[in-house]
Amino acid sequence: MNRDDMLASIRERQQPWDLVIIGGGATGLGSAMDAASRGFDVVLLEQADFAKGTSSRSTKLVHGGVRYLQQGNVSLVMEALKERGMLLRNAPHLVHDVGFIVPSYAWWESPFYGVGMKVYDLLAGRYGFGKSSYVSREGVVEAIPSIQTEGLLGGTRYFDGQFDDARLAINLAATAFEQGGTLVNYVQVVGFEKDDAGAIEGVVARDLESGEELRVRGRSVVNATGPFADGVRRLDRPDAAPMIAPSQGVHIVLERSFLSGDSAIMVPHTGDGRVMFAIPWHDVVVVGTTDTPVDEVSLEPRPQSEEVEFILETANRYLAKPAVAADILSTFAGIRPLVKMGDGGDTAALSRDHTILVEPVSGLITVAGGKWTTYRKMAEDVVDHAVTLADLEPRPCVTQQFPIHGYHRNAERFGRLHFYGSDATEIEGLEEADARMAEPLHPRLPITGAEVQWAARREMARTVDDVLARRTRSLLFDAQAAIESAPRAAAILSRELERDASWEAAQVEEFTEIASRYLYPA
Ligand SMILES: Cc1cc2nc3c(=O)[nH]c(=O)nc-3n(C[C@H](O)[C@H](O)[C@H](O)COP(=O)(O)OP(=O)(O)OC[C@H]3O[C@@H](n4cnc5c(N)ncnc54)[C@H](O)[C@@H]3O)c2cc1C
């Protein structure tokens, strides 16, 4: 994928595109891949980097949602479990199963959660990841040696999926591109072009790197901007009533020693009645999340200290070695694009399903809600809507069984580079070609110069943040180490993108500013 080529094909296009997609998160990228693989002409415009928004800030679970089961939302759970199974089949290099333990410290917990997890197994049917079971006290300690043993009675084990969200996003972009799609980052939609009757004919967009204005005509326009959806709807209709109730979720990242073993902990009922997880991810542990309604939607939401303290306090009830603020390697926040039902209020009661809204006059199609796990189904539904509305030739969705870029059945053999899947060999090639590129960027980060080269050459990385936050996950693994590796990453990137010393310096400064928010306290 090359950004200049993408822009050139947008400029050269004479005909209207079949679909113009606004937003390059899970929903937009999934929709671009769906449309391209059906043979439609599709262009996707992302204002920042792919997955810069919510889609790089999830809990990294491919799951049915045990919490929705508690709420009795069986159809939502069943659909997500089916999608979980398909995603494992289509992207085995990025999705794998993890054993979760629900520890019991009260006599009723094991039978209660044991029955709940049996229902979860049943709903998964043939897409199941493994059967849940009762685990003795000894079994729990064997699975999680670092668990708090005082008062521990036993637990329930169940299985769910885990993935790398930003890596899946970039692989979806690559798949969409390979299917003929055009996708460009750092292009912001700033307005719509309409005919005399008020129907949308295209979008006005700005290349945020050059300032160039682009006019992109489309037979249908899809607003897949997640928590930003209302802002884009208001470009079409300034008086549009809001449909999104944004809610912030925070995670903290700790060293693996806090959660030894390969199992995760699921806390089904926190002090404020929510679900919380502590999950081994790459070489760290991700703990979260919270659910705090917010008024403002930003690309870099700030974790609030109360949220971080709440996570620490809850986690420490289950960890033998309590974590303190100084143990936090990184903390990150994301905004859920929850769709309002009625007057909202408690975010846990908002719709977790996805919603498609078509503006009656302009025909703008907005898709929002859902979750990462169900991105494929959301994409299928919204492309079906676009086909009907724009009177495109109906063509069946083919993504149920469709290998995603990087597909590899045994990616573990690539060791440290396993999450690149089939691309790993090319990165190994870059490391072999130049020994300096095989050196880690930082003693505490397993990232090499070759990965920066790869991100710039093949994955459309444009900034140090793109490389350290999403193409690699350095910023989430260890924010301080990421800040310290920024100058080296900037130097390699600058060479790759043919920039000068002042660009390099500005990149380091910009990244340091962003990354300082991931330190705790900031
Ligand atoms: C804390 C948290 C934890 C979660 N954990 C999980 C989980 O474990 N598993 C799971 O399945 N789901 C999870 N989710 C849900 C999941 O992450 C989201 O549902 C999903 O990422 C939303 O994707 P999206 O594409 O709709 O939105 P986004 O990822 O936010 O993408 C929208 C994009 O639109 C772009 N955009 C906005 N305005 C414009 C414009 N004018 N022009 C061009 N581009 C624009 C933005 O820059 C952004 O990149 C979690 C969510 C949160 C907040």
Side-chain angles (χ1 to χ4, degrees), residues 20-32 44-68 80 83-84 87 95 160-163 165-166 168-169 172 183-192 203-206 208 216 221-236 244 246-251 274-277 279 281 286 288-292 294 297-301 303 307 311 332-339 347 352-355 366-376 378-379 382 470:
V20 177
I21 295 173
I22 314 170
T27 311
L29 293 167
S31 305
L44 179 147
L45 310 172
E46 162 55 51
Q47 68 174 356
D49 184 30
F50 303 119
K52 168 80 180 177
T54 311
S55 297
S56 55
R57 299 156 188 277
S58 76
T59 312
K60 329 308 181 194
L61 292 180
V62 184
H63 62 160
V66 174
R67 168 175 167 177
Y68 315 133
E83 290 299 323
R84 181 186 74 167
L87 191 52
V95 182
D160 234 328
Q162 187 187 42
F163 75 130
D165 47 12
L168 179 58
L172 285 177
L183 305 95
V184 64
N185 48 4
Y186 296 101
V187 170
Q188 182 177 43
V189 169
V190 293
F192 291 107
V203 304
V204 183
R206 187 163 300 129
L208 298 183
V216 186
V221 177
V222 174
N223 171 15
T225 54
F228 300 87
D230 285 329
V232 171
R233 287 175 62 232
R234 281 194 286 267
L235 294 176
D236 164 41
I244 301 291
S247 158
Q248 171 159 304
V250 168
H251 296 89
R274 301 182 191 276
V275 170
M276 198 175 280
F277 298 96
I279 313 168
W281 184 64
V286 173
T289 175
T290 52
D291 207 341
T292 315
V294 287
V297 177
S298 132
L299 275 175
E300 279 298 345
E307 294 177 289
I311 296 172
F332 59 98
I335 312 267
R336 290 181 191 82
L338 301 179
V339 176
T347 59
R352 305 276 159 168
D353 237 328
H354 66 269
T355 298
T366 297
V367 54
K371 53 186 177 171
W372 239 122
T373 307
T374 54
Y375 83 91
R376 193 210 62 79
M378 291 172 77
V382 79
R470 290 170 297 281

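Because the structure is a prediction, the values reported are computed rather than measured. Order of appearance sets the numbers: ligands from 1, and atoms from 1 within every ligand.
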Participant: With a 4.0 angstrom cut-off on heavy atoms, strictly below it, pick out the residues next to ligand 1 and order them by chain and number.
Facilitator: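 Lining ligand 1: I22, G23, G24, G25, A26, T27, L45, E46, Q47, G53, T54, S55, R57, S58, T59, K60, L61, H63, V187, Q188, V189, A224, T225, G226, P227, F228, V232, G249, H251, T289, L299, G334, I335, R336, G370, K371, W372, T373.
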Participant: With a 4.5 Å heavy-atom cut-off, do I311 and H251 have their side chains touching?
Facilitator: no
Participant: Does the distance from a Lys or Arg side-chain N to an Asp or Glu carboxylate O, for R233 and D230, drop under 4.0 Å?
Facilitator: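 The answer is yes: the pair qualifies as a salt bridge.
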Participant: Does any pair with a residue in residues 53-63 pass salt bridge (Lys or Arg N to Asp or Glu O under 4.0 Å), and if so which ones, sequence neighbours excluded?
Facilitator: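 The answer is R57-E300, K60-D165.
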Participant: Side chain to side chain contact (heavy atoms under 4.5 Å, CB included) between I22 and F192: does it pass, once the steps are laid out?
Facilitator: CA-CA 11 Å; I22 314 170; F192 291 107; 3.9 Å; yes
Participant: Examine distances only and state if a side-chain atom of N185 and a backbone atom of E46 form a donor-acceptor pair shorter than 3.5 Å.
Facilitator: no
Participant: Would you say S55's side chain and A26's backbone share a donor-acceptor pair under 3.5 angstrom?
Facilitator: yes
